[in-house]
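Here is the structure we will look at.
Keep in mind it's a predicted model, so treat the numbers as computed, not measured. Protein chains get the first letters and strands the later ones, always in sequence-line order, with residue 1 at the start of each. As a basis for the values below, the full set of heavy atoms in this structure was taken, side chains included, without hydrogen atoms, waters or symmetry mates.
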Protein chains: 2
Amino acid sequence: MRIGEIATRTGVEVETVRYYEKAGLLPPPARQTNGYRAYGMAHLERLAFIRHCRALDIPLANIRELTRFMEKPPADCSGINALVDEQLRVVRARLKSLKALEKQLSLLRQRCTEGGRGKCGILEELVAAAHGEACACHG
Amino acid sequence: MRIGEIATRTGVEVETVRYYEKAGLLPPPARQTNGYRAYGMAHLERLAFIRHCRALDIPLANIRELTRFMEKPPADCSGINALVDEQLRVVRARLKSLKALEKQLSLLRQRCTEGGRGKCGILEELVAAAHGEACACHG
DNA sequence: CAAAACCCTGGAGCCGCTCCAGGGTCAAGC
DNA sequence: GCTTGACCCTGGAGCGGCTCCAGGGTTTTG
């Protein structure tokens, strides 16, 4: 299997596949006589694994750790749990701040219709923050 | 006001202030005879404005546009509306995918306790994805 | 047999900072 | 007067996770 095929089969860009190899996530494959990369099923699986983890927004460094776990399973899976828990914590924190963000932005958006002729409620709101006045965002 | 003061007053790092100048967001201030940057109130306001926009996760390019609007207010504020709407759209999209993510991760986390001695449900789940089997994440 | 599609390497660019090396300047304390 | 430490300067590199490009070679298609 050449790089183009493994890429389309996993839904990853060709450049990204090479990047994963360079980053030490995907083991370097054998080469054909012309220098082309020759992948096997193990690579396909590994790449699908990486993609799956990335879909969960797990950082590359953590995926590297997970693959190490896979190759050499630890006695207990407390390391793996910690990793997933950590990821869950990160995601939940991001979720929280994004929710706040959405609220602020929709408040800001409402400002547009207020303020009458020639005045832009949005810009005024943003400038108010610069003056340290109370604003919809920072109380 | 020197760079350290304006930085602490707005809660921005000194390096970041210089970066905003280089990025064309903060106009270059006057210089003291020793070469130190000398900021005035206008800079303080502008920096607070930038920081506020960043707190709303508005990208620097859009902040640049907003400051242009401020310096030269347009007849209508449809450009500004579009900008805020766009930001809102981005945030909502991110929110949606983060919510899905959180669900997948907590499902994954539950797998740990299942599967008995020596088996790691989490790793198995992730590997199942590599095999293209149905998994908690991609159906 | 030419054009298109694929492959290779090495390096730069994206965003929004952050940090570092290698210097200059200045106020306070001994 | 001299050291210490805090502050300031510039220019450039590094982060993550790709993405794109130049400048080549090879294979497939019409």
Practice task
Could you tell me which residues satisfy side-chain hydrogen bond (donor to acceptor under 3.5 Å, both in side chains) with B:Arg64, sequence neighbours excluded, listed by chain and number?
Solution key: none
Practice task
Could you please spell out the steps behind the side chain to side chain contact (heavy atoms under 4.5 Å, CB included) verdict for A:Lys99 and B:Lys99?
Solution key: CA-CA 11 Å; A:Lys99 275 178 188 161; B:Lys99 275 178 188 160; 4.1 Å; yes
Completion exercise
Expected string for nucleotides 19-28 of chain C under the B/S/- scheme (protein heavy atoms, under 4.0 Å, primed atoms plus P, OP1, OP2 as sugar-phosphate) is BB---BBS--
Exercise for the section: Could you tell me which residues satisfy side-chain contact (heavy atoms from CB on, under 4.5 Å) with A:Ser106, sequence neighbours excluded, listed by chain and number? Expected result: B:Leu88, B:Arg92
Practice task
Using salt bridge (charged side-chain N to carboxylate O under 4.0 Å, His left out) as the criterion, list what pairs up with B:Arg94, not counting sequence neighbours.
Solution key: B:Asp57
Handout entry: Gap between atoms OH and C1', on A:Tyr19 and D:dT19 respectively (whole Å)
Key = 11 Å
Exercise for the section: To the nearest 0.5 angstrom, please state how far the CD atom of A:Glu102 sits from the CG atom of A:Leu107. Expected result: 10.0 Å
Completion exercise
Those residues at least two apart in sequence (or on a different chain) that pass side-chain hydrogen bond (donor to acceptor under 3.5 Å, both in side chains) with A:Gln87 are none
Practice task
Indicate whether OP1 or OP2 belonging to C:dG16 is found under 4.0 Å from a side-chain N or O atom of B:Arg51.
Solution key: no
Handout entry: Presence of B:Arg37 side-chain N/O under 4.0 Å of D:dC8 phosphate oxygens OP1/OP2
Key = no
Practice task
Using five pairs at either end of the helix from C:dC1-D:dG30 to C:dC30-D:dG1, determine the angle between the two local helix axes and round it to 10 degrees.
Solution key: 10°
Handout entry: Results of salt bridge (charged side-chain N to carboxylate O under 4.0 Å, His left out) for A:Glu5 - residues two or more places apart only
Key = A:Arg9
Exercise for the section: Round to the nearest Å and state the distance from A:Ile3 atom CD1 to D:dT19 atom C1'. Expected result: 14 Å
Problem - Protein-nucleotide distance (B:Arg64, atom CZ; C:dC15, atom P), rounded to Å - result: 8 Å
Handout entry: Residue A:Thr16, side-chain heavy atoms: nucleotide from C:dG16, D:dT19, D:dG17 that is nearest
Key = D:dT19
Exercise for the section: Measure from OH on B:Tyr39 to P on D:dC7 and round the result to the nearest Å. Expected result: 16 Å
Exercise for the section: Kindly write out the residues that satisfy side-chain hydrogen bond (donor to acceptor under 3.5 Å, both in side chains) with A:Asn62, not counting sequence neighbours, or none if the list is empty. Expected result: none
Fill in the blank from the handout: Considering only heavy side-chain atoms of A:Arg54, the closest of D:dC18, C:dC17, C:dC8 is D:dC18
Practice task
Identify, with sequence neighbours excluded, every residue that meets side-chain hydrogen bond (donor to acceptor under 3.5 Å, both in side chains) alongside B:Glu86.
Solution key: B:Arg89
Problem - Value in whole Å for how far the P atom of D:dG16 lies from CD1 of A:Ile58 - result: 16 Å
Problem - Closest heavy-atom pair and its distance - B:Cys53, B:Leu66 - result: SG-CD1, 4.1 Å
Practice task
With the side chain of B:Leu60 defined as its heavy atoms from C-beta on, choose the nearest nucleotide among D:dT10, C:dC17, C:dT9.
Solution key: C:dC17
Completion exercise
Here the residues of residues 85-100 of chain B within 4.0 Å heavy-atom distance, strictly under, of DNA chain D are none
Handout entry: Separation of D:dG17 P from A:Asp57 CG (nearest whole Å)
Key = 8 Å
Problem - Whole-Å distance separating the CD1 atom of B:Ile50 from the P atom of C:dC17 - result: 10 Å
Handout entry: ring-ring contact (aromatic ring centres under 6.0 Å, His included) partners for A:Tyr39, two or more places apart
Key = A:His43
Fill in the blank from the handout: Rounded to whole Å, CD of A:Glu5 lies from P of C:dA5 at a distance of 18 Å
Which side-chain N or O atoms in residues 10-22 of chain A pair as donor and acceptor under 3.5 Å with protein atoms at least two apart or in another chain?
{"residue": "A:Thr10", "atom": "OG1", "partner": "A:Ile6", "partner atom": "O", "Å": "2.7"}
{"residue": "A:Thr10", "atom": "OG1", "partner": "A:Ala7", "partner atom": "O", "Å": "3.3"}
{"residue": "A:Glu21", "atom": "OE1", "partner": "A:Arg37", "partner atom": "NE", "Å": "2.8"}

